[in-house]
Amino acid sequence: IIGNPDYHTFIKHSKYEMQRDKVCYIAQTFVEDGRMERNDYKKIIDRFAEALKDRLIIKLHPRSDKSIFEHVVKMNGAITYDFPITGFYIGHYSSVLALAINVDSKVFLLEINNEEIPDYFRNSANMVFSKQDDLVNAILGNDDSVGSKQISYYFENIDQHPFEIISNKIINFND
């Protein structure tokens with residue numbers, strides 16, 4: 001266990017405040033990597049935009065095609081490269097989910113495109129859904145499910161930066 005570099009990138013020195021009523025969707029590069037048809041992924045994103053409107057914030061991947069998320073902006077949602085601190089997170093299996101699980105928020109996973117969700121995310125999230133409408137209804141109904149939040153076994157948020165830990169281990173390899 002060496003820590004979570006995303007913690008130092010997005011959270012450690014963050015001055016963001018919790019936006020409890022907002023919902024953050026953590027985007028993945030299904031389309032950009034050729035693992036999913038653009039129209040199929042866009043339908044999922046557009047459905048979230050229609051249902052959640054101005055509550056939805058898309059946390060873009062560095063390689064995200066922003067045009068996939070045009071409907072989110074049209075529905076008064078937001079897109080950002082920053083990691084917003086929100087009351088709800090939606091994702092699939094991005095490593096950035098470890099940050100969301102470590103925040104005092106609900107984390108819902110959506111199974112799509114026959115993509116495998118690692119057990120450490122599946123077991124730490126509040127709920128895993130196979131149907132998007134069920135996930136949307138859980139958010140709109142303010143679902144009270146409880147996740148195990150045991151993600152720190154795999155992605156620990158510690159003060160020492162993971163790169164520093166790795167560097168020290170390399171330097172002290174023969175000790």
Side-chain angles (χ1 to χ4, degrees), residues 4-11 13-118 121-122 124-143 145 147 151 155:
N4 182 353
D6 288 331
Y7 170 70
H8 291 270
T9 302
F10 296 115
I11 303 293
H13 303 290
S14 173
K15 295 186 174 52
Y16 297 109
E17 293 197 25
M18 171 74 80
Q19 302 174 73
R20 285 238 174 253
D21 63 324
K22 299 288 185 177
V23 180
C24 175
Y25 173 82
I26 299 171
Q28 290 197 235
T29 54
F30 295 122
V31 174
E32 297 82 353
D33 292 342
R35 292 178 290 140
M36 191 173 192
E37 291 296 321
R38 178 186 176 84
N39 286 339
D40 293 338
Y41 188 55
K42 194 162 174 11
K43 283 180 189 175
I44 293 168
I45 300 306
D46 290 355
R47 170 69 180 110
F48 283 134
E50 291 287 331
L52 301 170
K53 299 181 179 25
D54 66 341
R55 291 180 64 189
L56 182 61
I57 302 171
I58 304 292
K59 169 25 187 126
L60 297 168
H61 185 280
R63 293 187 296 112
S64 287
D65 174 353
K66 288 184 184 179
S67 68
I68 293 170
F69 307 98
E70 290 172 339
H71 196 63
V72 172
V73 176
K74 181 180 175 188
M75 299 303 296
N76 296 318
I79 60 174
T80 182
Y81 289 105
D82 293 328
F83 183 83
I85 310 298
T86 63
F88 294 90
Y89 292 91
I90 301 169
H92 307 288
Y93 57 84
S94 166
S95 63
V96 177
L97 281 166
L99 298 178
I101 292 169
N102 276 308
V103 174
D104 185 26
S105 303
K106 301 286 184 191
V107 177
F108 296 136
L109 304 181
L110 179 62
E111 299 173 321
I112 62 169
N113 199 41
N114 295 317
E115 300 281 340
E116 186 176 334
I117 298 173
F121 287 139
R122 186 177 289 280
S124 297
N126 291 79
M127 291 189 77
V128 179
F129 295 88
S130 58
K131 295 180 182 171
Q132 185 177 12
D133 286 339
D134 291 342
L135 188 156
V136 167
N137 289 334
I139 290 171
L140 296 177
N142 201 18
D143 179 87
S145 61
I151 200 71
F155 297 95

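Numbering starts at 1 and runs along the sequence shown.
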>> Using only atom types and a distance under 3.5 Å, with no angle test, would you say the side chain of K106 pairs donor to acceptor with the backbone of A125?
In response: no

> Quick check: does any side chain N or O of Q19 sit under 3.5 Å from a backbone N or O of P84, one acting as donor and the other as acceptor?
Replying inline: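 No, the answer is negative, given that no donor and acceptor are paired below the 3.5 Å cut-off.
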
Which atom of [X] lies closest to which atom of [Y], heavy atoms considered:
X	Y	answer
A27	S64	CB-OG, 4.0 Å
I117	L110	CD1-O, 4.2 Å
V72	A49	CA-CB, 3.8 Å
A51	L140	O-CD2, 4.1 Å
R63	T29	NH2-OG1, 3.4 Å
Y81	H61	CE2-O, 3.5 Å

Spatial distance of atom [atom1] ([X]) from atom [atom2] ([Y]) [nearest 0.5 Å]:
X	Y	atom1	atom2	value
I139	D21	CD1	CG	12.0 Å
L109	F121	CG	CZ	8.5 Å
I85	R20	CD1	CZ	10.5 Å
F88	F108	CZ	CZ	6.0 Å
I112	M36	CD1	CE	4.0 Å
N113	E37	CG	CD	9.5 Å

>> Hydrogens and angles aside, do Y93 and E115 bring a side-chain donor and acceptor to less than 3.5 Å of each other?
In response: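 On atom types as modelled, these side chains qualify, holding a pair under 3.5 Å.
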
With side chains defined as the heavy atoms from C-beta onward, is the minimum distance between [X] and [Y] less than 4.5 Å?
X	Y	answer
V23	I90	yes
L97	I26	yes
I57	I79	no

> Are Y41 and F30 close enough that their ring centers fall under 6.0 Å?
Replying inline: yes

>> Does L60 form a side-chain contact (heavy atoms from CB on, under 4.5 Å) with K66? I'd like the steps, not just the answer.
In response: CA-CA 8 Å; L60 297 168; K66 288 184 184 179; 4.0 Å; yes

Could you pull out all donor-acceptor pairs under 3.5 Å where a side-chain atom in residues 127-136 meets a protein atom, sequence neighbours excluded?
unit_1, atom_1, unit_2, atom_2, d
Q132, NE2, I44, O, 2.7
D133, OD1, R47, NE, 2.8
D133, OD1, R47, NH2, 3.0

>> Does atom CG (N114) have a neighbourhood of more than 12 heavy atoms from anything else shown, all under 6.0 Å?
In response: no

>> Going by ring-ring contact (aromatic ring centres under 6.0 Å, His included), name the residues that satisfy it together with Y25, two or more places apart in sequence or in a different chain.
In response: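 Testing Y25 for ring-ring contact (aromatic ring centres under 6.0 Å, His included), a comparison that skips the adjacent residues, returns F48, H92.
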
> Under the side-chain hydrogen bond (donor to acceptor under 3.5 Å, both in side chains) rule, what pairs show up with a residue in residues 67-76, not counting sequence neighbours?
Replying inline: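 Those involving residues 67-76 are R38-S67, E50-H71, D65-S67.
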
